[in-house]
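Just follow the structure's listing: the first ligand is 1, and inside any ligand the first atom is 1. Computation of the quantities below employed the complete heavy-atom set of this structure, encompassing side-chain atoms and omitting hydrogens, waters and symmetry-equivalent molecules.
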Amino acid sequence: MKLITACICACVFLVSANAFRILGVFPTAATSHYNIGSSLMKGLAGKGHDVTFISAYKDKSPNPSYKTVFVKEAVPYMDEVRKGMSTIRDKALLKKLTDFYDVGLNITRLTLEDENVKQLLLSKEKFDVVICEIFLNEALLGLANQYDAPLIGVSTAGSNIWTNDLVGTPSPPSYIPNLMSGFSTKMNLLQRIGNLAQTHFERFYFEKFYLHRQAEIYDEYFKDPKPSLDQLRKNVSLVLLNTHFSLAFPRPYVPNMIEVGGMQVNRKTKELPADMKKFIESAEHGVIYFSMGSNLKSSTLPKEKRDALLNTFKNLKQKVLWKWENPNLPGKPANVFISSWFPQDDVLAHPNVKAFITHGGLLSTTEAIYHGTPIIGIPMFGDQFLNMAQAVNGGFGITADFNLLSVDYLSRIINEMMTNDKYTKQIQAMSQRYRDQPLTPIETAAFWVEYVCRHNGAYHLRNSGMDLTFIEYHNIDAFAVLYGLIFLIFLVFFKIVKFIVRLVFNSKRSKFHKD
Ligand SMILES: *[C@@H]1O[C@H](CO)[C@@H](O)[C@H](O)[C@H]1NC(C)=O
Ligand SMILES: *[C@@H]1O[C@H](CO)[C@@H](O)[C@H](O)[C@H]1NC(C)=O
């Protein structure tokens with residue numbers, strides 16, 4: 001008995017001794033990014049850590065070990081940006097790209113201008129680690145230096161050049177598709193050329209037209225003396241990625257880049273609201289769940305596309321759950337249930353939900369895989385094309401082109417998914433592989449965050465590749481010297497052989513002449 005009490009005391013002591021003060025920085029005003037950030041931060045608070053969370057969203061359930069520093073301007077700004085989003089597909093590629101980067105710069109400045117963030121910076125708070133989202137907000141890495149704390153980066157998507165360079169992860173463009181390319185990991189020669197060009201162009205734009213603007217913001221808001229932003233970017237302890245090889249494809253990582261995809265998945269399903277449950281369970285031929293995520297409001301869909309959807313759904317045997325933000329939907333058929341909010345995990349987990357029509361965002365596709373519900377994706381922008389390319393390649397999804405959306409087109413796709421069970425079989429096999437992990441993604445993330453704290457930044461994980469130039473990293477100088485030498489040796493060898501041959505030949509000839 002005494003022993004048990006002692007053990008419990010020791011455990012409690014250990015837990016409190018290992019509690020760390022954590023600053024989380026997730027400034028991007030998109031609910032998908034917030035969901036990743038808050039899942040991680042709540043998970044860490046749940047492990048006994050003291051969490052402060054800079055966020056574009058207010059937390060509804062205040063908790064003493066989980067404080068939100070609310071950036072109030074971010075969401076109104078993003079709402080303005082989003083108004084233009086349903087037309088974004090029509091913009092020229094370069095304009096799309098520059099707008100995308102400008103939004104990041106504006107959000108970064110707006111975060112540092114925020115009164116609550118300014119107060120936090122002026123306070124004498126101490127943090128053991130700073131966990132910062134890496135999404136076009138590099139100047140915010142200055143927070144780590146301000147608090148003299150190690151820095152952990154988080155990508156709310158998979159890895160990309162913004163995160164790879166922070167820890168020096170190799171990323172061969174021969175089989176790692178650019179996030180925006182829409183290619184899968186298997187590329188033919190033409191696609192590889194396209195991927196190489198895109199990857200290099202992105203790097204060129206990022207380094208030459210973007211990073212110095214982040215450095216200006218960094219220099220403006222953080223006081224001297226301080227390392228340069230470039231030095232900070234090369235001194236990141238760890239990067240957490242919201243992906244997993246079982247969700248995407250296998251690829252190399254350095255040891256301080258860790259996959260924790262699916263932190264936001266709600267693993268304990270709850271009872272559905274009564275009306276939804278009744279609707280789903282009364283569907284004799286199953287239910288299709290339709291939600292375009294939080295970035296694209298279905299009420300801003302062009303009328304002709306909305307009519308195409310309505311008329312497609314009307315003729316289905318299946319019932320349809322439609323995430324629709326307005327209280328009513330003119331011409332809503334009887335087999336359609338609208339709601340501005342669905343408990344997505346619980347809906348997808350219901351065995352009578354047979355398919356998920358989605359925009360193909362990473363969170364939604366991950367949740368579909370976890371719950372084993374096949375997807376029909378209508379990608380709109382960003383990484384949605386890539387996610388859907390992977391779904392098609394993996395045989396668990398069908399991509400629908402938004403521009404081609406018509407009753408005929410969509411009915412054919414839904415019919416294919418409802419009559420061919422290979423999609424369901426494939427996604428359920430993936431679900432089993434994804435669930436087969438030693439720790440949950442939150443537990444994995446918590447382990448590595450604590451590891452960085454326990455080992456004072458864990459700088460022993462940092463690889464020497466970080467200190468090399470492009471030429472050195474790719475060994476171009478060594479190749480040049482090595483093969484140059486080999487070439488020289490061969491050249492000399494041939495000259496000597498030629499010389500000897502001529503000597504022998506000449507001496508024979510002179511002998512012949514003598515005779
Ligand atoms: C970013 O902010 C500047 C200055 O407020 C503004 O002129 C510009 O339109 C903004 N860019 C985007 C893409 O929102
Ligand atoms: C990285 O940051 C740590 C902690 O601030 C510091 O001790 C170390 O010198 C830095 N290393 C480099 C290479 O800048």
Side-chain angles (χ1 to χ4, degrees), residues 25-37 54-58 69-119 121 132-143 155-157 160-163 178-181 198 201-222 229 233 292-297 299-302 359 361-362 379-386 402:
V25 188
F26 285 77
T28 306
T31 43
S32 55
H33 292 241
Y34 169 73
N35 284 342
I36 298 291
I54 297 180
S55 164
Y57 297 85
K58 222 177 199 151
V69 176
F70 172 50
V71 180
K72 62 176 179 303
E73 294 293 334
V75 169
Y77 166 70
M78 273 313 282
D79 281 344
E80 282 304 309
V81 173
R82 256 183 225 115
K83 275 188 192 150
M85 241 174 211
S86 51
T87 58
I88 199 167
R89 288 190 57 133
D90 307 328
K91 284 191 195 157
L93 194 67
L94 190 67
K95 175 80 177 124
K96 261 197 243 185
L97 187 80
T98 53
D99 274 2
F100 186 59
Y101 278 81
D102 283 356
V103 170
L105 287 158
N106 282 359
I107 290 267
T108 307
R109 190 174 285 279
L110 187 150
T111 304
L112 288 165
E113 280 292 333
D114 184 83
E115 280 313 313
N116 295 332
V117 174
K118 277 186 175 161
Q119 255 175 37
L121 283 176
C132 187
E133 174 181 16
I134 307 294
F135 194 80
L136 302 175
N137 53 349
E138 282 74 9
L140 298 178
L141 301 187
L143 287 162
S155 166
T156 51
N160 49 38
I161 61 164
W162 315 331
T163 47
N178 187 283
L179 215 53
M180 304 294 170
S181 69
Q198 271 191 36
F201 175 75
E202 192 184 12
R203 176 176 296 284
F204 176 74
Y205 186 87
F206 181 74
E207 284 174 2
K208 300 287 176 257
F209 292 96
Y210 164 78
L211 262 184
H212 70 93
R213 294 169 71 193
Q214 282 288 351
E216 278 162 21
I217 301 179
Y218 169 71
D219 289 336
E220 187 179 330
Y221 287 91
F222 293 100
L229 184 58
R233 288 183 70 245
M292 293 293 279
S294 42
N295 272 331
L296 188 86
K297 301 265 182 267
S299 48
T300 62
L301 279 180
H359 59 309
L362 191 59
M380 302 297 289
F381 56 91
D383 67 337
Q384 295 161 8
F385 294 91
L386 177 76
F402 181 75

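In this structure, atom 7 (O) of ligand 1 has no protein heavy-atom contact shorter than 4.0 Å. Within 4.0 Å of atom 2 (O) of ligand 1, at least one protein heavy atom is present. In this structure, atom 10 (C) of ligand 1 has a protein heavy-atom contact shorter than 4.0 Å.
Counting only distance, with no hydrogens or angles, the side chain of N116 and the backbone of Q119 share no donor-acceptor pair below 3.5 Å.
Taking every heavy atom of Y77 and a limit of under 4.0 angstrom, the matching atoms of ligand 1 come to 12 (C), 14 (O). Residue D102 approaches ligand 1 through these ligand atoms, each under 4.0 Å from one of its heavy atoms: 13 (C).
For the side-chain hydrogen bond (donor to acceptor under 3.5 Å, both in side chains) test with Y210, the passing option among R213, K208, Q214 is Q214; the others fail. Partner L140 forms a side-chain contact (heavy atoms from CB on, under 4.5 Å) with one of I217, V117, V25, I134 and no other, that one being V25.
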| task | Starting from the C-alpha separation in whole Å, work towards a yes-or-no answer on salt bridge (charged side-chain N to carboxylate O under 4.0 Å, His left out) for R109 and E220. | result | CA-CA 10 Å; R109 190 174 285 279; E220 187 179 330; 3.2 Å; yes
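The aromatic ring centres of F209 and Y101 sit 6.0 Å or more apart.
Polar contact check, N106 against ligand 1: a nitrogen or oxygen pair lies under 3.5 Å apart.
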